[in-house]
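Values below: all heavy atoms of this structure, side chains included; hydrogens, waters and symmetry mates excluded. Note that the coordinates shown come from a computational prediction; the quantities given were computed from them, not determined experimentally.
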2 protein chains.
Amino acid sequence: MTDPPRRRDRAATHAALLEAAQRRFASEGYDAVSVRDVAADAGVDAALVFRYFGSKAGLFRAATSPLPAPADLADGSAEALPGRLLRAVVPDAGQPVGEEQLLALLRSSGHAEARAQLHRQMCDGYVAALAELAEEPGRDLRAELVGALLLGISLQRSVVGTPALAAASAAEIEPLFDAAVTALLGSTGHGKRADSPDSPENQGAGQ
Amino acid sequence: MTDPPRRRDRAATHAALLEAAQRRFASEGYDAVSVRDVAADAGVDAALVFRYFGSKAGLFRAATSPLPAPADLADGSAEALPGRLLRAVVPDAGQPVGEEQLLALLRSSGHAEARAQLHRQMCDGYVAALAELAEEPGRDLRAELVGALLLGISLQRSVVGTPALAAASAAEIEPLFDAAVTALLGSTGHGKRADSPDSPENQGAGQ
DNA sequence: GTCTATAACAAGATAGAC
DNA sequence: GTCTATCTTGTTATAGAC
């Protein structure tokens, strides 16, 4: 779909296959897309998939492993982290970051492998970083609830398609999102605000 | 899987097929389960599926349409609605309400039909009821964000499997959830609490 | 020698004929 | 209700172009 069918370039074919797989898996899920589909999208033959990725499962693994780097979310000021997370989920410039990979994993969550990867990425990445900001008691629970909100926002926008959320920009969502995150991370229902100088800026992500 | 293989009862066969389909579609998604699978679970032949439901798609439609009644969520006091929603998503008695249907729809969301049904159920049911409680400006956006939180909680528990949320009971989650809902529904970031006697108890669900 | 396409295989799917 | 035709799937072996 990118070039005339003849393209004798190992790297380019590999990349085209991977990109096509990311799009297909994200929009249709693992089972609904055949290796012939992604090969056709990439403009090459299906046999190439096995030559470069070993199997369909290998292709899926390669297409879904580069989830949005959790390291990028950990650096920077701690108080601004929720905002960074929000912009990662609802990009302003229209540039999707890891939305496709997340969708691919979710739509393929009937498979244990996809579920395991989703679990790892979520727990070790997002939730661990958020737990640094949460207060006791229930630090982990608080962090996971913020993660749930982010996950829900992403899903509402991409698959459920609720009108207001799908049309809203990050700037419009941010005030509400911030208030909710503050309520979830702070003391139980006391309406604690983020401007309290707690400064938990140690970013060790201690598991 | 329920009875000896011979059972000449139209209604019982129909019900057994439907129940098996709900479980299978929820745990594996539309594409991963074959009509043979659900027929075997129901203890009948695969051809019966086509006799009773017309096609595989018809079976899926029948298995996913009875989402948790949105009417049950609309009656009762308006302030208690978030709590009712939470208990619908994380049941105390271990009895999943509409979780299976939600999972089935999500795992099959690569198909436009499943996505459309998900959209309808979400928008016309949950979000419409929640919008009654939200303040301006951004009433719809506020309601959809609460819906996103609920959706995310359900997903974290069932597919992602984040530890704290999966192990928590509704009673443990409720204080945090309530604080977040209050923040989302109330005025922008002013930390408005639910105990304000706004009393929007008109339950007309005027679409 | 390396990259790509053709062709064929076994297994399993849906669906319709009996 | 059973059986079976037809199609699609993932995958491999083989042959062809650069």
(request) Using atom CG of A/D9 as one end and atom P of C/dT4 as the other, report the distance to the nearest whole Å. (result) 7 Å

(message) Between P on C/dA11 and CG on B/D37, what's the gap in Å once rounded to a whole number?
(response) 18 Å

(message) What is the separation between atom CZ on A/R36 and atom P on D/dG10, rounded to the nearest whole Å?
(response) 7 Å

(request) Measure from CG on A/L17 to P on D/dG10 and round the result to the nearest Å. (result) 13 Å

(request) Would you please say whether a donor-acceptor pair under 3.5 Å links the side chains of B/S109 and B/R115? (result) no

(message) What is the distance, to the nearest angstrom, from the CG atom on B/D45 to the P atom on C/dC18?
(response) 18 Å

(message) Quick check on contacts: within residues 48-61 of chain A, what sits under 4.0 Å from DNA chain C by heavy-atom distance?
(response) A/L48, A/R51, A/Y52

(request) Could you check whether the rings of B/F25 and B/F60 sit parallel, tilted or perpendicular, using 30° and 60° as the cut-offs? (result) perpendicular

(request) Give me the one residue out of A/L150, A/V89, A/T182 that meets side-chain contact (heavy atoms from CB on, under 4.5 Å) with A/F177. (result) A/L150

(request) Considering only NZ, NE, NH1 and NH2 on the basic side and carboxylate oxygens on the acidic side, decide whether B/R24 and B/D41 come within less than 4.0 Å. (result) yes

(request) Take the protein atom CZ of A/R8 and the nucleotide atom P of C/dA5, then report the distance between them rounded to whole Å. (result) 10 Å

(request) Could you tell me which residues satisfy side chain to side chain donor-acceptor pair (under 3.5 Å) with B/S108, sequence neighbours excluded, listed by chain and number? (result) none

(message) Checking contacts here: which listed nucleotide (D/dG16, D/dA13, D/dG10) is nearest the side-chain heavy atoms of A/A47?
(response) D/dA13

(message) Between the base of C/dC3 and the side chain of A/R10, is there a donor and acceptor pair under 3.5 angstrom?
(response) no

(message) Looking only at the side chains, is there a donor atom on one of A/H14 and A/D9 sitting less than 3.5 Å from an acceptor on the other?
(response) no

